[in-house]
*Asks:* 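I have a structure here, written as structure tokens, and I will follow up with some questions on it.
As the structure lists them, so they are numbered: ligands from 1, and atoms in each ligand from 1. Counting from 1, the numbers follow the sequence of the chain as shown.
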Amino acid sequence: MSHSSPLWQALPRAKIDWNGDTPISKDFDDIYFNPGQGLAESRHVYLLGNDILARWRQSTRERFVIAELGFGSGLNFCATVQAWLAAPEPKPKLHFVSVEGFPMSTADLERALSHWPELSDIKRGLLAQYPDPIPGTHRLRFYDDDITLDLWWGDVIWATAQWAEQDLQVNAWYLDGFAPSKNSSMWSDQVLDNIAHCSPSGCTASTFSVAGKVKTSLLERGFSIHKKPGFGRKREQLFAVKQSDTKPFSINSTPWHKSAAKSTIPKHVAVIGAGLAGSFAAYALAKRGIKVSVIDPNGVATQASGNAQGIIYCRIPKRHAPLGDFGVLAFRYATQLYQDLLTQNVLREGTDASLCGMLHTFQMGTASELELNINQLPNLAQIVSDDEANELSGLSISAPMLYYPRSGWISPKALCKALLSHPHITLVTDTFERLTPSDSGQELRCSSQTLLADCVVVTAGTATKNLIPNTLLPTKAIRGQTTQIPAISAIQAALCHEGYIAPAVDGQHCIGATFDLDDCDTSPRPSSDQENLAKLDTFLSIKESRVLGHRVSFRCTTPDYLPIVGQAPDNKALQERYQALQFDGKRIISQACPMQTGVFMLTGLGSRGLTYGPLAGEFLASLINQEPLPVAGELIKALSPARFAIRQLKRRSSAKSRSDWYEAATAPPSLRRPRSASPARSSKPVCRCFRSAWSSARRRGRTRGMGTWN
Ligand code: SAM
């Protein structure tokens, strides 16, 4: 995070005037839809305008992608869902992608949609998941995942650039960003370039606007233009069809996070590892109808994911940076999934999990900054006084706390079991030994059998780097010990301090966890129990000495604390393709990355498996199934397994730009300077990297909570 990166804050809410129940934007001085006729208008301009119903009838695709500029009240989305529900089978799944820079409040959205009782069920479903204005991408799922809504909360230029970057393939556009005369940003050349980039041949666009600029801009970008009768008193509206696959520009950065070869969509995936990472990956794939074999010699959640309780942890970022941005978006997605699993009784309230809220300590000096960050995000976090904290927790806390009302605790093992009980998933209790690519996919040699799968996802924690040769994965195992203590009956919310505690299950709390660097002791130690008990005493003045049990496991951690999610690079070929980056780290090499065909990974969840896992699994499954992706390009890079190799190449370039690396590499041995501790030259780059991340986190006082297990 650099001090020049923008502050992390909620997006501004839409400012609304009302004409009856019709919203009018104060910011843009324009109507969201025609008073009293919004639904009919939406059907006419966008559904009929794009000939959506006929195209669903004729479609042989698995999915139909609609992209919208301006989510507003969600009326276009609701009208489309209503039409989809009424459309006869067979029909493609609906993937609706929409950008909004000024999200309406829940109350305004509810009011704007209240005019149409026929939409009330759809509206209720939308409101149940409608996200706070947290900047970034929010994936919402409806009707057993037949309908997906990706809300890109942010500016239209940013969002459409992200869509272009991920090569989103759109079938129909709803261009609904107010009139060009009132809001030129929605119709800027950059936005229209991005639209054209995401429009394959046959893609359509419709808009109420017939402004000359809109027509010429679309014509210039390879669309043919047709006029159709407009809605109500409007004589005409515009309908455009993209005539070819041409893209107006090439992306101006090295696509090292993308695969150079297009793979096929798998029917059967093998997932190695049945912990949280494997369970989330398997579940997200199985929900897409893909058959999944999960291979683990020890059964479900026996390693780091086997603790009795974990907290759904979140940290409010100060400024935009991948770790904080991903953390908050993943937290929202995770808590939504857990709420759904509890509602469906897949998880049992109080036994397997409880979203009872979580209280977190914070540094008092940062309160005003924090207030600014979480302003307008009451469902994410609120600062509560010590009295309120006491009421929420049932304990005696002597300081204001940060309260996350949608968080809570989960039994990771129960969660893994619940996710792996999906009918498309089979658990194979066997030891995976070797992977051999074959003509028909991946051959997985296990101790007592050989399995064939179309592709493989390795989720084996720190063992992942040994199971996928030819990758550079600087992961590290960090010891953590949890301690079981008798129930303190008063606790009603999860609490995170230097350690954590949650409401008791079966008369016991699981408290923890230690954070023991460079420690590979697998046996529980009394000193680790004492450490956990001492932290509890310091924070809550609870003097407990009875230890009912304990457990040691090892977190798989990365130097940047972000998980590793994506396709495995072919490291040797990557080094060759991108070798120029070691001389000039800023150089743009237009070729995508050579990847290992059909080999993916999800690991490095560290202490945040419960928070990061759901979105990481969803992203990976979307990537494998070649769907629109639920995260922005900069986060895809930040999660990419190739990032470590690329950073290593670039580090050489920055060392060289200080004439350091170059001199050392080229001077005759007698003239070489003694080796310094530059990471590029370190014989142990992994540990050094990790150590420097840890020590800089320590300097910034950010290691608190790193010892939280989840
Ligand atoms: N489709 C909406 C519906 O069904 O209610 C109506 C959309 S309204 C006509 C236009 C929307 O574009 C507004 O919600 C506005 O906040 C949004 N908007 C305007 N400028 C924007 C920008 N630069 N980036 C993102 N969204 C923007």
Side-chain angles (χ1 to χ4, degrees), residues 10-19 21-47 49-50 52 66-83 96-106 108-116 119 122-123 126-127 130-131 133-138 149-163 172-192 194-195 205-209 211 214 231 234 237 632:
L11 287 184
R13 286 283 192 199
K15 296 191 193 73
I16 309 279
D17 266 339
W18 291 96
N19 170 8
D21 280 334
T22 302
I24 301 162
S25 166
K26 282 191 197 174
D27 306 288
F28 296 95
D29 183 29
D30 203 354
I31 49 170
Y32 281 74
F33 44 74
N34 249 310
Q37 295 181 294
L39 183 55
E41 180 187 38
S42 173
R43 287 180 186 140
H44 182 92
V45 179
Y46 299 105
L47 282 144
N50 278 301
I52 299 278
I66 295 175
E68 178 186 52
L69 304 193
F71 185 72
S73 67
L75 180 60
N76 288 342
F77 170 69
C78 293
T80 308
V81 171
Q82 192 197 31
F96 199 99
V97 180
S98 188
V99 54
E100 178 54 63
F102 307 85
M104 274 192 185
S105 68
T106 310
D108 285 342
L109 195 99
E110 159 106 67
R111 181 168 172 187
L113 294 174
S114 65
H115 196 77
W116 299 282
L119 297 181
I122 300 169
K123 178 185 75 176
L126 173 61
L127 284 171
Y130 188 66
I134 296 169
T137 319
H138 303 278
L149 170 62
D150 285 340
L151 286 173
W152 289 70
W153 276 176
D155 186 74
V156 65
I157 295 179
W158 164 78
T160 54
Q162 297 299 322
W163 300 348
W173 290 91
Y174 293 3
L175 304 180
D176 194 14
F178 293 129
S181 56
K182 308 261 183 183
N183 185 19
S184 56
S185 67
M186 276 288 194
W187 308 93
S188 70
D189 284 346
Q190 272 162 292
V191 170
L192 287 153
N194 292 332
I195 288 176
S206 68
T207 169
F208 55 87
S209 173
V214 175
F231 178 76
K234 233 174 169 286
Q237 69 174 61

*Asks:* Spell out, as yes or no, whether a donor-acceptor pair under 3.5 Å connects the side chain of T207 to the backbone of L175.
*Replies:*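 Confirmed, T207 side chain pairs with L175 backbone.
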*Asks:* Can you name the residues that form a salt bridge (charged side-chain N to carboxylate O under 4.0 Å, His left out) with K182, not counting sequence neighbours?
*Replies:*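 Only D29 meet the salt bridge (charged side-chain N to carboxylate O under 4.0 Å, His left out) criterion with K182.
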*Asks:* Relative to the ring of W173, is the ring of W163 parallel (under 30°), tilted (30 to 60°) or perpendicular (over 60°)?
*Replies:*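 Geometry flag for W173 against W163: tilted rings.
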*Asks:* Under the rule for side-chain hydrogen bond (donor to acceptor under 3.5 Å, both in side chains), what residues qualify as partners of S73, not counting sequence neighbours?
*Replies:*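 Applying side-chain hydrogen bond (donor to acceptor under 3.5 Å, both in side chains) to S73 gives none.
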*Asks:* Indicate, with yes or no, if the rings of F96 and Y174 have centres closer together than 6.0 Å.
*Replies:*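 Yes; Y174 has its ring centre under 6.0 Å from that of F96.
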*Asks:* Anything under 3.5 Å between a donor and an acceptor, one on a side chain of residues 151-159, the other on a protein residue two or more places apart or in another chain? List them.
*Replies:*
{"unit_1": "W153", "atom_1": "NE1", "unit_2": "D132", "atom_2": "O", "d": "3.0"}
{"unit_1": "D155", "atom_1": "OD2", "unit_2": "I157", "atom_2": "N", "d": "2.9"}

*Asks:* Taking a 3.5 Å cut-off between nitrogen or oxygen atoms, can you list every pair linking ligand 1 to the protein, with distances?
*Replies:*
{"unit_1": "ligand 1", "atom_1": "1 (N)", "unit_2": "E68", "atom_2": "OE2", "d": "2.9"}
{"unit_1": "ligand 1", "atom_1": "1 (N)", "unit_2": "G70", "atom_2": "O", "d": "2.7"}
{"unit_1": "ligand 1", "atom_1": "1 (N)", "unit_2": "N76", "atom_2": "ND2", "d": "3.1"}
{"unit_1": "ligand 1", "atom_1": "1 (N)", "unit_2": "D176", "atom_2": "OD2", "d": "2.7"}
{"unit_1": "ligand 1", "atom_1": "4 (O)", "unit_2": "L75", "atom_2": "N", "d": "3.1"}
{"unit_1": "ligand 1", "atom_1": "4 (O)", "unit_2": "N76", "atom_2": "N", "d": "3.0"}
{"unit_1": "ligand 1", "atom_1": "5 (O)", "unit_2": "S73", "atom_2": "N", "d": "2.9"}
{"unit_1": "ligand 1", "atom_1": "5 (O)", "unit_2": "S73", "atom_2": "OG", "d": "2.6"}
{"unit_1": "ligand 1", "atom_1": "14 (O)", "unit_2": "E100", "atom_2": "OE1", "d": "2.6"}
{"unit_1": "ligand 1", "atom_1": "14 (O)", "unit_2": "E100", "atom_2": "OE2", "d": "3.2"}
{"unit_1": "ligand 1", "atom_1": "16 (O)", "unit_2": "E100", "atom_2": "OE2", "d": "2.5"}
{"unit_1": "ligand 1", "atom_1": "20 (N)", "unit_2": "N183", "atom_2": "ND2", "d": "2.9"}
{"unit_1": "ligand 1", "atom_1": "23 (N)", "unit_2": "D155", "atom_2": "OD1", "d": "2.9"}
{"unit_1": "ligand 1", "atom_1": "23 (N)", "unit_2": "S185", "atom_2": "OG", "d": "3.2"}
{"unit_1": "ligand 1", "atom_1": "24 (N)", "unit_2": "V156", "atom_2": "N", "d": "3.0"}
{"unit_1": "ligand 1", "atom_1": "26 (N)", "unit_2": "G101", "atom_2": "N", "d": "3.0"}

